[in-house]
Novice: 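Right, I'll just put the structure down here and ask away after.
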Number of protein chains: 2
Amino acid sequence: MARAPTTADAFNAVAEPRRRDILNYLALAERSVSEIVDALEMEQPSVSKHLRVLKDVGLVDARREGRQMLYRVNALAIRPLWEWTTTFERLWRHQLVKVKENAEKKTNL
Amino acid sequence: MARAPTTADAFNAVAEPRRRDILNYLALAERSVSEIVDALEMEQPSVSKHLRVLKDVGLVDARREGRQMLYRVNALAIRPLWEWTTTFERLWRHQLVKVKENAEKKTNL
DNA sequence: TTGACATATTCCCATATGGGAATATATTGA
DNA sequence: TCAATATATTCCCATATGGGAATATGTCAA
């Protein structure tokens, strides 16, 4: 078996930095493909291919307006990632407390 | 260029479901490799290889105790993923409000 | 030293990747 | 119908993958 396809789920789709760039940009507003191309300075076919992956996993929705395709984020599809990460929140808070304690110990020497 | 290596960053490392399984299990307590193997019913070499990836990106730390290697989560390394997802939190809350409104409209018909 | 246990690494392979280049498809206006 | 614009798809390729199988490395106990 090889690595899971990028379209397997949101976790895989989001592993690619350029796709996160696109999502970040779309978080501001609905945008056409060419707006994304201009804003992120990517090749048009590359943007279309990334959008295809994002759409396949439900991270974006699209609608046609004339010759343009307007894409927008489907934020609800990002929520499962957020939910997974929050299961570790208690742990990193605990780590931060310990880091702070160590810093204070050093200061009191 | 091919896909970014799984060791490129936490986003890539975490895209693999078995690695998330391992992290979930380690969230409970520090564990040896064989405990992971038994608990998750995976092959030992597979677990070692996944742990290697997780360690390379800093998602786990390890220490030796006799013949065993004890692994634990480094939750702070998960925080950047959480931070990225939270930038969309406002958006999905807004989506959920709209979903609720539509549901209420239907009820009032 | 030797054997047993615990873990890590190597080799092989089918599969998927993202970028570049070229081309196909869709929509509009003349 | 045809040309122009906007997007999508296809083909090619170097690269990395995860699993399986085999083997190497490390540590302890006798």
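Below, chains carry the letters A, B, ... as their sequence lines are ordered, and counting in each starts from 1.
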Novice: Hey, is the main chain of B:G58 close enough, under 3.5 Å, to the side chain of B:N74 for a donor-acceptor pair?
Specialist: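 Present.
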
Novice: Across nucleotides 10-15 of chain C, 5' to 3', mark each nucleotide with B, S or - according to how protein heavy atoms within less than 4.0 Å reach it.
Specialist: B---BB

Novice: Take the protein atom CZ of A:R18 and the nucleotide atom C1' of C:dG20, then report the distance between them rounded to whole Å.
Specialist: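 Checked: the CZ to C1' distance equals 14 Å.
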
Novice: Measuring only between side-chain heavy atoms, which start at C-beta, is A:V97 closer than 4.5 Å to A:E101?
Specialist: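 Yes, close enough: below the 4.5 Å cut-off.
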
Novice: Do the side chain of B:T107 and the main chain of B:A103 share a donor and acceptor less than 3.5 angstrom apart?
Specialist: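 Yes, because the side chain of B:T107 sits within donor-acceptor range (under 3.5 Å) of the backbone of B:A103.
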
Novice: Do the side chains of A:L81 and A:T85 get nearer than 4.5 Å, heavy atoms only?
Specialist: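 No. Closest side-chain heavy atoms not under 4.5 Å.
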
Novice: So, B:S32 side chain and B:E35 main chain: donor-acceptor pair closer than 3.5 Å or not?
Specialist: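 Yes; judged by distance alone, with no hydrogens or angles, the pair exists.
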
Novice: What's the CD-P distance between B:E43 and C:dA6, to the nearest Å?
Specialist: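 The answer, rounded to whole Å, is 16 Å.
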
Novice: Determine: side-chain N/O of A:S34 to OP1/OP2 of D:dA6, distance under 4.0 Å, yes or no.
Specialist: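 Negative; the distance criterion is not met.
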
Novice: Any side-chain N or O of A:R19 less than 4.0 Å from the OP1 or OP2 oxygen of C:dG18?
Specialist: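 Looking at the OP1 and OP2 atoms of C:dG18, one of them is under 4.0 Å from a side-chain N or O of A:R19.
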
Novice: Which of these passes side chain to side chain donor-acceptor pair (under 3.5 Å) with B:H50: B:R20, B:R19, B:R18?
Specialist: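 It is B:R19, the one option of B:R20, B:R19, B:R18 that forms the side chain to side chain donor-acceptor pair (under 3.5 Å) with B:H50.
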
Novice: Rounded to the Å, how far apart are A:N12 CG and D:dT17 P?
Specialist: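 Going from CG in A:N12 over to P in D:dT17 covers 13 Å.
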
Novice: How many whole angstroms separate atom CE of B:M69 from atom C1' of C:dT9?
Specialist: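 After rounding, the gap between these two atoms is 14 Å.
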
Novice: Counting any heavy atom closer than 4.0 Å, what does B:Q44 reach on the DNA or RNA strands: base, sugar-phosphate only, or nothing?
Specialist: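 It contacts base atoms.
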
Novice: Mark up nucleotides 25-30 of chain C, 5' to 3', with B wherever a protein heavy atom is under 4.0 angstrom from a base atom, S wherever such an atom reaches only the sugar-phosphate, and - elsewhere.
Specialist: -SBB--

Novice: Whole angstroms only, please: what is the CG-P distance between B:L70 and C:dA8?
Specialist: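 Whole-Å distance recorded here is 11 Å.
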
Novice: Using whole Å, what does the distance between atom C1' of nucleotide C:dA21 and atom CE of A:M42 come to?
Specialist: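 Checked: the CE to C1' distance equals 16 Å.
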
Novice: Considering residues, nucleotides and ligands other than B:E41, do more than 12 of their heavy atoms fall under 6.0 Å from its CD?
Specialist: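 For B:E41, atom CD is not crowded (no more than 12 foreign heavy atoms under 6.0 Å).
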
Novice: Measuring to OP1 and OP2 of D:dA8, would you say a side-chain N or O of A:Y71 lies under 4.0 angstrom away?
Specialist: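 Yes, within the criterion.
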
Novice: Expressed as a whole number of angstroms, how long is the span from A:K55:NZ to D:dA8:P?
Specialist: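 It is 8 Å, rounded to the nearest whole Å.
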
Novice: Could you work out which one of D:dG19, C:dA8, D:dT9 sits closest to the side chain of B:V33?
Specialist: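 Selected nucleotide (nearest to the side chain): C:dA8.
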
Novice: Short question: side chain of B:Q95, backbone of A:L76 - any donor-acceptor pair under 3.5 Å?
Specialist: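 Checked: pair present.
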
Novice: Tell me the interatomic distance from A:E35, atom CD, to D:dT5, atom P, rounded to whole angstroms.
Specialist: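 Rounding to the nearest Å, CD of A:E35 and P of D:dT5 are 18 Å apart.
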
Novice: Taking all non-hydrogen atoms of both residues, which atom of B:V47 and which atom of B:I36 are closest, and how far apart?
Specialist: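 What the structure gives for the nearest pair is CG1-CG2, 3.8 Å.
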
Novice: OP1 or OP2 of D:dG19 less than 4.0 angstrom from a side-chain nitrogen or oxygen of B:S46, does that happen here?
Specialist: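 Yes, because at least one side-chain N or O of B:S46 sits under 4.0 Å from OP1 or OP2 of D:dG19.
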
